[in-house]
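This report concerns only the one structure given below.
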There are 2 protein chains.
Amino acid sequence: MSPKVDTHPTKPLSNSQRAFLSLRDMIFAGELAPGSDHLESELAKQLGVSRTPIREAALMLESQGLLELRPRKGVRILPVSPDDMAEIYDVLTELECLAARNAADKGFSEPDLHLLAKAIEDMEVAVDQNNLEEWAEADDRFHHTLVSLGGNSRASAMFDMMNDQVRRARTVTLFIRPLPIKSNEDHRQVYEAIKLGDASTADAVHRAHRQNAKNMMLDLLQKHRLRGV
Amino acid sequence: MSPKVDTHPTKPLSNSQRAFLSLRDMIFAGELAPGSDHLESELAKQLGVSRTPIREAALMLESQGLLELRPRKGVRILPVSPDDMAEIYDVLTELECLAARNAADKGFSEPDLHLLAKAIEDMEVAVDQNNLEEWAEADDRFHHTLVSLGGNSRASAMFDMMNDQVRRARTVTLFIRPLPIKSNEDHRQVYEAIKLGDASTADAVHRAHRQNAKNMMLDLLQKHRLRGV
DNA sequence: GCATGAATTTACGTATGCATTAATAAATGC
DNA sequence: GCATTTATTAATGCATACGTAAATTCATGC
């Protein structure tokens, strides 16, 4: 039996899709800085394609709220102000709490919640090792998994959208924020509530967790004068 | 003084934007039927433009969840299944309740809530006159105004998105649904709670209102075998 | 008659060209 | 000098062209 080259036969992406992913990653990485303008033709040259796929990618990224098409000024990478941040956290809170309640109501058994438990463990290990990037990755994974468990694809899509909008800011603040000790405790409590099928506790605990995260983020932005990340 | 032709100097829309609006309206009107496929070139011919603005509009509508671009099969107008409907109502509920709480917390005075009151009155008049289209318009306006009062632009945008996805279904069910008597009472209660600054009551009442609306819609879809509106 | 493979059609993805018009620079008047 | 107008530049919005690959039709063999 010949070795499988591709277990999950991935169909080749179009240039538009590649441009979408590339530009998105460049935004996340800050390579395309918040508030900066970029001509379609410049981006096209950078990615080695024509303007067409760049425009299509930009249109999609605009719908995702990551940039803005400004005729004759190029695409503007949208900065996230503290007010934006507050908005986003409020929406994230609702979407995640909805998911937490739904997940609790589904009566998941332990194996169903495996990914959630794994994310929590990974976070704890990461904190012990003082590995913040690892922690951030696992934290992101926890929240993503939680929302997935809620089983509402539209809520998930919107969660991803909002989450992407704060990705850059979270990267920036990761190393100036306090150590996420309390955060890990919260996660475990949410996990337990879901396992017990206790929707209202899951909601309440997670809501408080998110409220804290929001306040912390807003404090950081204010203290460090980060008015548009 | 010459009469103002244009009080709100509206800049001319691009063909892409017009195509976006046209296609969206055609979807709402059922002119582009749920589940149907349409070649880019056909749509282009219909709207009298080239494929480029059609593609751009389609990309935007795809992000809005109204259609799907399927290579070589044309754009597919997405039907809304009962499961989809449940998802959408759940998300709408969260977004509107968030807005209701926020609105209540803002301590609005009566003039601030004028648009909300107007929508309620219009709904009551419409019900008295048995004018369902008028009622539907005012009901939509009430919910939209409520969300606006919440002051979260992202929540508003997502609300609009979800709302658009159920527009067509609501039109279909408008004349087979029970008369919206109880609905109007709910609205008034939400209004009162917001005026009193009572966030948790506003949330609770509106949540129940939305839950009823969801159940009613799902019942209608089931009873009338509307498996993909 | 059915399956298999070849030929054909066709819709899309993308590059390209161009008219339009906003933005910028230059020129003119005061 | 400064404001105002004109000329220039250049980025966009859009039409168009075309190669590619999927879908379909047709032909062939069994």
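These values consider heavy atoms only, across backbone and side chains, with no hydrogens, waters or symmetry-generated copies. In this text the structure is predicted, and so the values were computed from the model without any measurement. All chains are named by letter (A, B, ...) in the order of the sequence lines, taking the proteins before the strands, and each is independently numbered beginning at 1.
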Just checking, any donor-acceptor pair under 3.5 angstrom between side chains of B:His38 and B:Ser36? yes
Calculate the interatomic distance between B:Glu40 atom CD and D:dA17 atom P; express it in whole Å. 17 Å
What's the shortest heavy-atom distance between A:Leu220 and A:Ile176, and which atoms? CD2-O, 3.5 Å
Any A:Thr52 side-chain nitrogen or oxygen under 4.0 Å from OP1 or OP2 of C:dT16: no
Specify the separation, in whole Å, of atom CG of A:Leu69 and atom P of D:dT12. 9 Å
Whole-Å distance separating the CG atom of A:Leu43 from the C1' atom of D:dA11: 13 Å
Tell me if the side-chain of B:Ser41 makes a donor-acceptor pair with the base of C:dA11, cut-off 3.5 Å, by modelled atom types. no
No-H, no-angle donor-acceptor pair, B:Arg72 side chain to C:dA11 base, under 3.5 Å: yes
Value in whole Å for how far the P atom of C:dT9 lies from CG of B:Leu39: 18 Å
Rounded to whole Å, CD1 of B:Ile54 lies from C1' of C:dG13 at a distance of 16 Å
For B:Lys73 and for A:Pro53, find the nucleotide of DNA chain C with the closest heavy atom, then tell me which residue's nucleotide is more 5'. B:Lys73
Nucleotide C:dT14, atom C1' - distance to CD of B:Glu56 in whole Å: 13 Å
Nearest whole Å is fine: how far is C:dT14 P from A:Leu13 CG? 10 Å
Between P on C:dG13 and CZ on A:Arg55, what's the gap in Å once rounded to a whole number? 16 Å
Can you tell me if B:Ser16 touches the phosphate of D:dC14, counting only side-chain N or O atoms and a distance under 4.0 Å to OP1 or OP2? yes
Does OP1 or OP2 of C:dA15 have a side-chain N or O of A:Ser50 closer than 4.0 Å? yes
Tightest non-hydrogen contact, residues B:Ile194 and B:Ala100, listed as CG1-O, 4.0 Å
Between A:Asn15 and C:dT14, is there a side-chain N or O to OP1/OP2 distance below 4.0 Å? yes
A:Arg51 (side chain) and D:dG13 (base): donor-acceptor pair under 3.5 Å: yes
A:Glu133 versus A:Phe175: any side-chain heavy-atom pair under 4.5 Å? yes
Distance flag, aromatic centroids of B:His187 and B:His209, threshold under 6.0 Å: yes
